[in-house]
Protein chains: 2
Amino acid sequence: MAFKPISTQTLQRMPMYLNYLKDLPVGGAANISATMMADDLRLNDVQVRKDLAMVGQGGRPKIGYVVKDLISDIEHCLGFNNIDSAVLIGVGNLGRTLLEYEGFSECGVDIVVAFDVNQSIVGTTINGKRILPVSKLYSICSRMKIKMGIITVGTGEAQGICDLLVKSGVVAIWNFASVRLNVPSNVFVHNDNMTSSLAVLSNYLVERFSTNK
Amino acid sequence: MAFKPISTQTLQRMPMYLNYLKDLPVGGAANISATMMADDLRLNDVQVRKDLAMVGQGGRPKIGYVVKDLISDIEHCLGFNNIDSAVLIGVGNLGRTLLEYEGFSECGVDIVVAFDVNQSIVGTTINGKRILPVSKLYSICSRMKIKMGIITVGTGEAQGICDLLVKSGVVAIWNFASVRLNVPSNVFVHNDNMTSSLAVLSNYLVERFSTNK
DNA sequence: TAGATTGTTAATCGATTAACAATC
DNA sequence: TAGATTGTTAATCGATTAACAATC
């Protein structure tokens with residue numbers, strides 16, 4: 001049977017399922033139906049079943065799914081139970097927050113070190129993570145076999161940093177810069193962009209309150 | 001002719017076009033072809049033309065589009081040229097960053113005030129923005145006719161804050177909490193969620209490096 | 001058994017891409 | 001004119017949803 005990759009949409013819903021399942025009352029039922037999950041999360045029930053089918057052993061008619069199994073299946077599929085080391089480049093506003101953010105560990109990600117070109121912050125520490133000069137990136141990432149890189153530099157520098165990461169062996173890149181990165185096909189990029197989000201929200205207000213529809 | 005809403009996908013690409021057009025050499029050609037934009041941005045050329053058709057007057061065969069017009073059309077469509085006032089609720093890690101972020105102004109958004117329940121920060125100021133108790137949210141938002149709210153509170157508090165925003169007249173909500181918010185149909189919610197992004201990246205690494213495919 | 005629930009197959013829907021005629 | 005480029009119509013693709021048989 002051919003390997004079927006999990007779609008981005010399905011993956012993005014997984015943390016929602018995980019949250020929901022973990023928030024279920026501790027002494028409650030051992031099983032849960034996709035129908036009930038869908039109702040509570042305001043999703044389509046077939047969609048929930050298809051999503052769950054991607055990660056688990058399936059449920060039983062009339063009974064539903066075993067909550068505990070579902071939780072561990074989802075965590076396994078998302079890699080939330082084994083830690084990936086990551087590096088972050090660009091300790092500006094956003095970079096600093098990500099370094100200070102405590103929620104990554106339970107998502108299986110550990111930012112082990114950060115890089116910046118700004119001499120005045122190089123050598124300092126944020127939340128226990130050292131900030132090193134970008135010139136050290138290659139040697140550190142290749143030696144530590146870092147697989148994940150988080151880009152929080154400005155638009156202009158993003159592609160250069162990306163190239164450096166790729167050369168250093170990084171294969172998964174989380175890009176917060178507002179540019180489309182050019183990478184070889186064996187490197188995965190996920191873009192997260194505040195401006196895109198604002199575009200959607202702001203356009204909604206423009207359309208809603210404009211007089212010349 | 002019926003009004004045709006712009007798809008989320010198209011809207012999310014708009015800032016990319018805008019960046020690209022603004023970065024074009026100042027003394028350069030007055031026109032640009034969708035073909036060239038698509039090549040440079042690594043997009044499909046028909047897609048670029050369809051996107052641009054949603055906002056502008058169209059281009060001319062052989063000539064292309066007028067750069068200057070395109071820029072102003074996109075800015076207008078995104079509402080980047082008229083300022084919307086917004087409020088932010090939850091001055092934790094992420095909330096603080098958003099308050100300090102200087103990039104919103106050029107996207108037509110101005111966070112005018114923030115709210116938090118934490119007495120030790122209420123009354124202080126971040127980047128010129130006052131932090132007020134949540135108990136003041138209703139009176140301030142309704143009096144100032146605030147239309148946009150940014151939710152950066154924890155998972156548990158998000159729905160309550162959302163309800164309060166809706167009651168106060170806010171119609172566009174940018175939600176960073178990892179829950180699906182329940183809102184009336186005349187309120188627009190855009191979700192931005194770090195955990196979803198990490199799910200996608202982390203699953204890529206799991207699949208790529210797992211032995212038992 | 002009856003009915004709730006699963007999982008599969010088919011239909012729908014929307015976005016992207018391909019083909020091509022119109023135009024400067 | 002010839003050819004680059006636009007814009008439209010049709011085809012493709014993937015995700016969501018509906019219908020329904022299987023099962024406990």
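Just so you know, these numbers come straight off a predicted model, no measurement behind them. Below, chains carry the letters A, B, ... as their sequence lines are ordered, and counting in each starts from 1.
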The single option from B:Ile173, B:Asn182, B:Leu181 passing side-chain contact (heavy atoms from CB on, under 4.5 Å) against B:Val187: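 The single option meeting the side-chain contact (heavy atoms from CB on, under 4.5 Å) with B:Val187 is B:Ile173.
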
Single hit among B:Leu165, B:Val113, B:Val87 for side-chain contact (heavy atoms from CB on, under 4.5 Å) with B:Leu137: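 By the side-chain contact (heavy atoms from CB on, under 4.5 Å) criterion, B:Leu137 pairs with just one of B:Leu165, B:Val113, B:Val87: B:Leu165.
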
Pairing pattern in dot-bracket form [Watson-Crick, G-U; both distances under 3.5 Å; | = partner strand] for DNA chain C: ..||||||||||||||||||||||

From OG1 (B:Thr10) to CD (B:Gln12), nearest 0.5 Å: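 Result: 10.0 Å between the selected atoms.
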
For atom CG of B:Leu52 and atom P of D:dT8, their distance in whole Å: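 For the pair B:Leu52 CG and D:dT8 P, the rounded distance is 13 Å.
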
Atom pair distance, as rounded to whole Å: CE in B:Met36 and P in D:dT5: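 Rounded to whole Å, this separation is 8 Å.
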
Any side-chain donor near an acceptor of the partner, B:Asn19 and A:Ser178, under 3.5 Å: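 Their side chains do contain a donor-acceptor pair, which is all the 3.5 Å distance test asks for.
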
DNA chain D contacts among residues 19-35 of chain B, heavy-atom distance under 4.0 Å: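 When residues 19-35 of chain B is checked for heavy atoms under 4.0 Å from DNA chain D, the hits, listed by number, are B:Ser33, B:Ala34, B:Thr35.
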
Atom CE of A:Met36: over 12 foreign heavy atoms under 6.0 Å: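 No.
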
Donor-acceptor under 3.5 Å (A:Ser202 side chain, B:Leu78 main chain):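 Yes, A:Ser202 side chain to B:Leu78 backbone: donor-acceptor pair under 3.5 Å.
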
N/O donor-acceptor pair under 3.5 Å between B:Asn127 side chain and B:Lys129 backbone: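 Not at all, since once roles are kept as given, no pair shorter than 3.5 Å links the two residues.
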
CA sep, side-chain torsions, deciding dist, call: B:Asn31, B:Tyr65, side-chain hydrogen bond (donor to acceptor under 3.5 Å, both in side chains): CA-CA 5 Å; B:Asn31 299 293; B:Tyr65 300 78; over 6 Å; no

Derivation and outcome, salt bridge (charged side-chain N to carboxylate O under 4.0 Å, His left out), residues B:Lys167 and B:Asp163: CA-CA 6 Å; B:Lys167 203 168 62 175; B:Asp163 295 343; over 6 Å; no

Protein proximity profile, nucleotides 13-24 of chain C - base contact B, sugar-phosphate-only contact S, no contact -, cut-off 4.0 Å on heavy atoms: --SSBB----BB

Side-chain heavy atoms of A:Phe115 within contact of A:Ile140, under 4.5 Å: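 Yes. Closest side-chain heavy atoms under 4.5 Å.
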
